[in-house]
Amino acid sequence: MGQLLELFAAPATLLDNIQTSEAPHRISQALASSLHARDQINHACGILMHSDALTKEMARAELMRRARHQGITLEQISAELIAGIPASSD
């Protein structure tokens, strides 16, 4: 039984080390992606605040409403607004 456990221990230890060394990179990528999405959403809010004279809360609510209406994410609707793609305001 001890030899069998040793056979599984070596690959498990190797896998653990690989996952541990990759974790900071994955976290770093996820953080960068989240920060980019946040910046896009804030930029889109700023566009709505300026063009429609909305408060920040009203602009964010409008973005969320548009995203729900079109069945896309807040990040996607923000990117469209920033790119100048007309988003329906239904």
Side-chain angles (χ1 to χ4, degrees):
M1 178 76 161
Q3 289 176 336
L4 185 60
L5 289 175
E6 287 178 22
L7 286 173
F8 287 109
T13 302
L14 180 61
L15 182 59
D16 186 47
N17 289 338
I18 290 170
Q19 290 175 340
T20 301
S21 67
E22 291 177 354
H25 182 66
R26 283 195 314 262
I27 291 169
S28 183
Q29 286 178 327
L31 180 58
S33 178
S34 294
L35 291 173
H36 178 72
R38 183 201 64 186
D39 289 346
Q40 271 195 315
I41 293 165
N42 285 336
H43 187 170
C45 281
I47 291 170
L48 289 177
M49 289 167 64
H50 177 75
S51 66
D52 298 349
L54 301 175
T55 66
K56 185 173 184 172
E57 293 77 22
M58 292 167 64
R60 187 177 264 299
E62 177 61 17
L63 278 178
M64 288 189 291
R65 189 194 66 72
R66 290 182 186 189
R68 272 193 307 271
H69 178 74
Q70 294 184 26
I72 59 177
T73 67
L74 198 54
E75 185 179 1
Q76 289 170 316
I77 195 72
S78 297
E80 288 181 3
L81 185 64
I82 292 166
I85 298 170
S88 66
S89 58
D90 299 335

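This chain uses plain numbering: 1 for the first residue, then up along the sequence. What you see below is based on every heavy atom in this structure, not just the backbone, and it leaves out hydrogens, waters and symmetry mates.
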*Roughly how far, to the nearest 0.5 Å, is CD1 of Ile77 from CD1 of Ile72?*
4.0 Å
_Heavy-atom pair of closest approach, residues Cys45 and Leu63_ = SG-CD1, 3.6 Å
*Could you tell me the separation between the CD1 atom of Ile41 and the CG atom of Leu81, rounded to the nearest 0.5 Å?*
11.5 Å
_For residues Leu54 and Met64: do they belong to one hydrophobic cluster (side chain heavy atoms under 4.5 Å, members Ile, Leu, Val, Met, Phe, Trp, Tyr)?_
yes
_Can you confirm whether Gln70 sits close enough to Glu80 that some side-chain heavy atom of one is under 4.5 Å from a side-chain heavy atom of the other?_
yes
*Looking at side-chain heavy atoms only, is the closest gap between Arg66 and Leu48 below 4.5 Å?*
yes
*Which pairs pass side chain to side chain donor-acceptor pair (under 3.5 Å) with one or both residues in residues 29-43, sequence neighbours excluded?*
His25-Gln29
_Assess whether a salt bridge exists between Arg60 and Glu57, defined as any Lys/Arg side-chain N lying under 4.0 Å from an Asp/Glu carboxylate O._
no
*With rounding to the nearest 0.5 Å, note down the distance linking OG1 in Thr73 to CD in Gln76.*
3.5 Å
